[in-house]
Novice: 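First, the structure itself, so that you have it in front of you.
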Amino acid sequence: MTMNKGSIFKKIQKRVLVSSVFSAAVVSIAAVICMLIMRGKVIDISGRLGSEAAIGSETALEVQMEESLLRLAQNKAAISEEKLASVSKMIRVISESATEVASNPARYGRKDVGFPDAANAGQTVAQLRLPEGVDYDSAAEEAGLLGNLSALLVSEQTAQDYVASVYIGSENGVSISADKDSDRKTNIFDPRRRGWYMEGKAADGLIWSDIFADYSGRGLVITCAMPFYGGDGEIMGVAGADMRQDVLRKIVVETQLGETGRAFISNEHGEMIISETIRIGEDGSVEGRALSELLPEETAARIIGGGEGIERVSVAGESFFVAYAPMKSLPWSLSVLMSVEEVIAPAISSEANIIAMANEATAGIDRMILITFGIFAAALMLILAGNTLMAKRMAAALAKPIIELSGGAKIIGAGNLNFRPDIKTGDELEELSDTLNTMLDNIHQISAEKERIGAELNVAANIQASMLPCIFPAFPNRPEFDIYASMLPAKEVGGDFYDFFLIDENKLAVVIADVSGKGVPAALFMVIAKTLIKNNAQNKTAPDKVFETVNNLLCENNEAGMFVTAFMGVLDIKTGLLTYVNAGHNPPLIKRAGGKWERLPTKAGFVLAGMEGIAYRQSEISLDPEDMLFMYTDGVTEAENPSKLLFGGARLLGTVNRDLELPLTELLAGIKAEIDIFADGAEQADDITMLAMKYIGRGVSAYNMKELIVEAKTENLDSLQDFIAAELEVSGCAMKQRTQIAIAVEEIFVNIAHYAYKPGTGAALIRISAGEELVIEFEDSGKPYNPLLADEPDITAGADGREVGGLGIFMVKNIMDTVEYRHEDNKNILVIKKTLS
Amino acid sequence: MTINQLQKNGGLTLVLEGRLDTTTASQLQGVLIPAFEGAKEITLDFLTLAYVSSAGLRVLLMAEKTAKAKGASMKLVNVPPDIMEVFDMTGFSAILNIV
């Protein structure tokens, strides 16, 4: 029977708690409902209050705003009029002064005025200008007389910043202007052709011109002009002043009109004179002036008629107030336009204020509700805590030892095997506790033992791994070959190993092996096998003999019946000749330079330590530079996936042949990666051991060899000998060696000459490279013939029994370090090598 | 190769100079083998001989066999070390009478 932990007092607690929680909950819910109703009321009332207040204040504001807008229009009209009046007053003064001077030429001296000079730009100067065709001399008299007005003109222009220029023009075309724009004009100008002159003359009194684009390019201007007279009362000329519309607008109209408000001045024709909408069009005409474009027609008519008032109008779909007032001395009106929205903005904001206050009140009520919740929650917690305590006390006496025992079991279960529950109740519980403790003592002993064995096995595995050479590059000073190996142990200690070492400076041994079984016995056996193979190989005996000896030694004390599969190869680093022997191991893979990986043919031998007295047969293969050898254990081919399928030799070949250019390290890593993908998470059951070796050689190749092609006839022997001698001469080798080599060359060449093409004749190709090592290749396309297979002569027979056949090749073998024969592309190729000294 | 023949109280001495190889072996053979018809004791002086290949060995073996058949004798004198090495290597030093 299973039981919830601590269920005894939980049951007591539960009953007490359920009833108290229920009553507390009923009270809380009722209180919260009351508060929610109250909250709804508050929101409703404050909302209504807010919008009513807003509507009220909006109306009040509108009335107030209408009044103040009208007042604004009236004030602006008065201010504008005043500014304009000061201009007309100035023109009257100038006109009167000019009349005085023109009427009394004898009373005044002559004051010369210069033509415009760009150097004066920016400062107010009086400048004389004459119409085309009028020369200075003929006009000098009048110019000098009017020149008396220069100072007045200059001072009036300087007095007001909205007055761009002040000037006079005479009936004879003489004109004097005071302005800052000396650089904008030429000497030639005829005032009589200008609008202000003609209008002023026609009116015979003060006129205000319409707005026009200034002659000197200063933008839009308005001119105030008035004629002046001679002694007989006839018009002698006109005085005028230009006001820049943009400056006037800034001063007169655009002051403190809020964000959307703007003001403008319009004339009796319903055209705006001063307004931000006015601009110079592309063709130079003045645009954006019609009042009717801006305002409804009736409103425009009332303004044109000199009316005064405030109206609400719609401009471009938006509501505006427009207030307008006429000027008294001019037939112009000033209007103020302002967005209704802006006018009533304060009212809207007061509505928002009231709503915000109502929201604050609501938030306050919400807070209250939350606090009430909090209080109820705290009360509930208190009730729970009190009852828990009570229940605990009630159940303690009965439940305590049981809980203690259960807690102890939990601690032990979590891994603390040293914990011992201590129950002293004097009843069945104490008995149970004692039994548990005895059981624990036993478990503790067993697991400590297991731990010790595990630790020792780890040490064993580490020692085993450290016995394998694992520093790469292993032979940094030997460029003739490259080697790389790895052993990835399975979880359990295994018996795989690889080894490589130099037997002497010219011989490299490579070994891979797999001891049967697993665990400590296999590991120990592996150590013995590895040591024996290395020791025997270092005696320089042939690989087959090494395996024979090692096999016998391993058989001697092999009660456990263990055995080792092993492969060993010995590479002659100079010649590339690999001599190898196989004792029941997976045949390695070989890759010839430029070729694909394939199985290395081996003569199968029985496993080592299997049976005493076994003879092993070795094989030989000549490695060329760039040839590679790959050795591995069955951990590679027998790696399993979760469906118990094996990785297999075919998959291994497919993997290594996928990229033939990989460096050795990546070759091994790539295979391991492929195995991991294949295993798909299945646990590695066996050690995965791999060794790859690449023969690089001494760099002797057909490229740096010299060649001679001769007809294979004994008559050509001398020229061949000369060719060889010349190369040996260069190498500087000893005379004795030269003689020996000459013998070897002769024997081989004569052999080819006599037999290769019999009864005909053919070519022989001889290549030589005489570096540190002499390499000579003989190539013919004659009958396939391997001279190395000929019977060796009996060199101990007496003269009667002696034969000379076979003596030549026997001498060659004796003289040279290596002699190799191969038949390739229908050619006999014999390569002889010898270290020169 | 040049061969100088010297007659000395019934014995014949052949002084060989140059190389005894495939091309010159027949030359020696043509002189040496018929010489056993007359001479009972033939001496080959190798002092100025530089080189012997298997073709030369063949002639020497043939001469040795001829000498035995004719009851004559042949000896080699002044054999240079390089040629001696060839004789040692091939076991000819055991067959020939080298002085």
Side-chain angles (χ1 to χ4, degrees), chain A residues 710 712-722 724-725 728 733-755 764 787 790-817 819 834, chain B residues 1-2 16 18-29 32-33 36 42 44 46 48-76 79-98:
Chain A
V710 291
K713 284 160 68 177
T714 50
E715 286 86 316
N716 288 328
L717 178 61
D718 285 351
S719 54
L720 170 61
Q721 289 291 22
D722 289 347
I724 301 287
L728 293 174
C733 71
M735 200 59 214
K736 184 183 159 192
Q737 282 196 326
R738 292 192 214 178
T739 308
Q740 290 179 327
I741 291 158
I743 293 172
V745 168
E746 183 189 330
E747 299 301 348
I748 295 167
F749 183 72
V750 170
N751 226 12
I752 295 170
H754 285 168
Y755 304 113
D791 289 337
E792 294 225 347
D794 181 4
I795 58 166
T796 56
D800 295 333
R802 286 302 288 267
E803 290 292 333
V804 284
L807 202 54
I809 199 70
F810 173 77
M811 285 167 79
V812 173
K813 283 197 219 167
N814 260 286
I815 291 166
M816 305 306 291
D817 294 342
V819 182
K834 186 176 180 66
Chain B
M1 186 178 70
T2 52
L16 310 182
R19 295 160 68 91
L20 177 54
D21 62 12
T22 305
T23 17
T24 58
S26 54
Q27 192 188 340
L28 176 62
Q29 188 182 336
L32 184 56
I33 302 301
F36 282 106
I42 293 180
L44 297 177
F46 273 27
T48 48
L49 192 67
Y51 170 100
V52 175
S53 73
S54 68
L57 294 178
R58 197 179 70 82
V59 176
L60 292 175
L61 179 62
M62 195 190 292
E64 183 63 29
K65 285 180 178 173
T66 310
K68 282 207 169 144
K70 300 272 181 192
S73 74
M74 180 179 80
K75 64 175 177 182
L76 277 61
V79 178
D82 284 1
I83 295 176
M84 197 59 213
E85 212 172 290
V86 172
F87 289 154
D88 286 339
M89 184 200 297
T90 52
F92 268 56
S93 41
I95 300 168
L96 299 172
N97 180 17
I98 302 166

Novice: Taking side chain as everything from C-beta outward and backbone as N, CA, C, O, which of these in A/D718 sits under 4.5 Å from a heavy atom of chain B? Side chain, backbone, both or neither.
Specialist: side chain
Novice: Is any side-chain heavy atom of B/D21 less than 4.5 Å from a side-chain heavy atom of A/Q721?
Specialist: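 Side-chain contact under 4.5 Å: no.
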Novice: When B/Y51 is tested against each of A/Q740, A/E746, A/R738 for side-chain hydrogen bond (donor to acceptor under 3.5 Å, both in side chains), which residue passes?
Specialist: A/E746
Novice: Working to the nearest 0.5 Å, report the span between OG1 of B/T23 and CD of A/E715.
Specialist: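 Rounded to the nearest 0.5 Å, the OG1-CD separation comes to 9.0 Å.
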Novice: Check A/L807, A/N814, A/I743 against B/M89 for a side chain to side chain contact (heavy atoms under 4.5 Å, CB included) and give me the one that passes.
Specialist: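 By the side chain to side chain contact (heavy atoms under 4.5 Å, CB included) criterion, B/M89 pairs with just one of A/L807, A/N814, A/I743: A/N814.
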Novice: Pick from A/A742, A/G798, A/G808: which one has the most heavy-atom pairs with chain B under 4.5 Å?
Specialist: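 So the answer, after comparing A/A742, A/G798, A/G808, is A/A742.
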Novice: Near A/D791 CG, under 6.0 Å, is it more than 12 heavy atoms from other residues, nucleotides or ligands?
Specialist: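 Open.
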Novice: What part of B/A69 is in contact with chain A, defined as an atom under 4.5 angstrom from a non-hydrogen atom: side chain, backbone, both or neither?
Specialist: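 For B/A69, there is no contact with chain A at all, as no heavy atom is under 4.5 Å.
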Novice: What part of A/T796 lies closer than 4.5 angstrom to a heavy atom of chain B: side chain, backbone, both or neither?
Specialist: neither
Novice: So what's closer than 4.5 Å to chain A heavy atoms on B/D82: side chain, backbone, both or neither?
Specialist: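 Contact with chain A: side chain only.
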Novice: Measuring heavy-atom distances to chain A, does B/V86 have an atom under 4.5 Å in its side chain, in its backbone, in both, or in neither?
Specialist: side chain
